[in-house]
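All remarks here apply to the structure that follows.
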Amino acid sequence: MKIDGRHYRTLWVAADGWTVEVIDQTLLPHRLEIVRLATVDQAAEAIRHMTVRGAPLIGVTAAYGLALAMRADPSDRALREAAQTLGATRPTAVNLRAAIDAMSAELSRVDPERRASMAYANAGRLADDDVATSRAIAEHGLPLIRKSRAGAGPVNVLTHCNAGWLATIDWGTALAPVYLAHERGLDVHVWVDETRPRNQGAALTAWELGKAGVAHTLVVDNAGGHLMQHGLVDLCIVGTDRTTAGGDVANKIGTYLKALAARDNDVPFYVAAPSSSIDWAIEHGASVPIEERQGEEVSHVTGEADDGRSARVRVTPRGTPVKNYAFDVTPGRLVTAIVTERGVCAASREGLQSLFPEHANQRPS
Ligand code: MRU
C-alpha cells in the first residue's frame with residue numbers, strides 16, 4: 001500500500017540483507033517509524049508488545065524470528081528455544097503457531113549450516129504468499145460489496161478492529177475488497193469501530209483508509225447496532241485470528257456482538273479468512289485459546305496531547321478490577337459467508353471443505 005506516494009509493506013528484509021524492518025504500529029497514527037529487528041528476542045518482543053499485530057503479520061514475523069535465530073545459532077537446541085520463545089508470545093492467532101511449526105519441521109530436517117538461508121527463503125515465501133492471498137480475497141470479496149448496494153449513494157461497510165494491510169504484509173483481509181472496490185471506482189464508505197481497548201480501528205484502520213482516500217467515519221464500539229437498525233450498514237466485513245474447521249470465527253473482542261446485531265437486522269456478516277487463519281485441528285470455537293492482556297490497556301488510554309506529545313492517562317478509579325479479553329468467538333451460524341483466497345463459502349465444515357478438500361480427512365483432535 002502507498003503512504004504519501006511511497007509503497008510500503010508492513011515488514012521487509014533491510015538493505016543489510018539480514019535484519020528485518022517493520023512499521024511500529026504502536027506509534028500510528030501519530031508517527032510513522034520503522035523498527036529494526038536483529039534477534040529472535042526482538043522479534044518475539046515486537047509480537048508481544050504489538051509493534052506488529054494482526055494474525056497474518058505476526059505469523060510472518062515469527063517466521064523471520066526463526067531466521068534471525070538460525071543466523072545466530074543454527075543448532076537443534078537454538079531452533080527449539082526460538083520456536084518456544086516465539087510461540088509463547090500470543091495464543092489466539094493460529095497463523096503464529098502454524099508458521100512456527102511448519103518452519104521448525106522443515107529446518108530440523110536439514111543440516112544446521114543450511115538452516116539460516118532456508119529459513120530466510122521460507123519466511124520470504126510466506127510473506128509473498130500472504131500478499132497473493134490477500135489480493136485473491138480482494139477479488140472474491142468485491143462482488144459481495146457490489147451486490148450489497150442498497151440504492152443510490154455509497155455502499156456502507158462496517159468493520160471491526162484492523163484487518164487492513166497493517167494486519168497482513170499488504171492489502172489486508174477484510175479491507176482488501178474495500179480497497180479493490182475503491183480502486184475500481186465503486187462508491188464505498190466504511191464505518192470504523194474504534195475497537196477498544198487498543199483502538200486498532202481508531203488508530204490504524206482510520207489511518208489506512210485515510211491514506212488510501214477511502215471514505216470512512218469512526219464510531220464508538222457500541223454504535224454498530226444503532227447504525228444497523230437505521231439501515232445505515234449494507235454489510236459487515238471482519239477479519240479472523242482463528243477460524244475453526246467447523247466455521248466458528250475467533251476475532252477481536254466485540255466481533256460477536258456485531259454479528260448478533262447484524263443477524264437481528266438482516267445485514268450480511270462476512271468474514272475474510274485466509275487459509276493461514278483456518279485451524280483444521282479444532283472443530284468448535286470453544287476450544288480456541290482466548291488471549292487475556294494487561295488490565296492497563298483497559299484502565300488507561302494512550303494518545304497524542306494537543307501539544308503533540310504522547311500521553312497516557314487513566315480513565316478508571318485507581319484500583320478498579322479489570323479483565324481484558326482480547327478476542328471472542330462468533331459461531332458460524334451467525335456468519336453469512338467466509339471469503340477465502342479460493343472463493344466464498346458457508347461458515348461450516350462442509351463449506352470450508354468444499355474449497356479446501358485436501359483437509360477433508362483431517363479430523364479435529
Ligand atoms: O490484537 P490484534 O490487533 O493482533 O488483533 C487483530 C484482529 O483481531 C484482526 O481482526 C485479525 O487478526 C484479522 S487480521 C487480518
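As the structure lists them, so they are numbered: ligands from 1, and atoms in each ligand from 1. Just so it is clear, the structure is predicted and the values come from calculations on it, not from any experiment. These numbers come from the heavy atoms of this one structure, side chains and all, not from hydrogens, waters or symmetry mates.
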Quick check on N162 - does any of its heavy atoms sit under 4.0 Å from an atom of ligand 1?
yes
Stepwise, does the side-chain contact (heavy atoms from CB on, under 4.5 Å) test hold for I34 with W12?
CA-CA 10 Å; I34 309 304; W12 59 92; 3.6 Å; yes
Is there a donor-acceptor contact under 3.5 Å linking the side chains of T51 and Q25?
no
Please determine if R53 has a nitrogen or oxygen closer than 3.5 Å to a nitrogen or oxygen of ligand 1.
yes
Atom 14 (S) of ligand 1: which protein heavy atom is closest, and how many Å away?
A167 CB, 3.5 Å
Judging by distance only, is a nitrogen or oxygen of D241 under 3.5 angstrom from one on ligand 1?
yes
Side-chain donor-acceptor pair present, T244, D279, cut-off under 3.5 Å
no
Once you round to the nearest 0.5 Å, how far does CD1 of I169 lie from CG of L11?
5.0 Å
Contact list for residues 173-186, test side chain to side chain donor-acceptor pair (under 3.5 Å), sequence neighbours left out
E139-R184, Y179-E208
Nearest 0.5 Å please: distance from the CZ atom of R198 over to the CG atom of L204.
9.5 Å
Does ligand 1 have any atom that is closer than 4.0 Å to a heavy atom of A326?
no
Find all atoms of ligand 1 within a distance of less than 4.0 Å from any non-hydrogen atom belonging to R90, and give their numbers and elements.
1 (O), 2 (P), 4 (O)
Could you tell me whether some N/O pair between G239 and ligand 1 is separated by less than 3.5 angstrom?
no
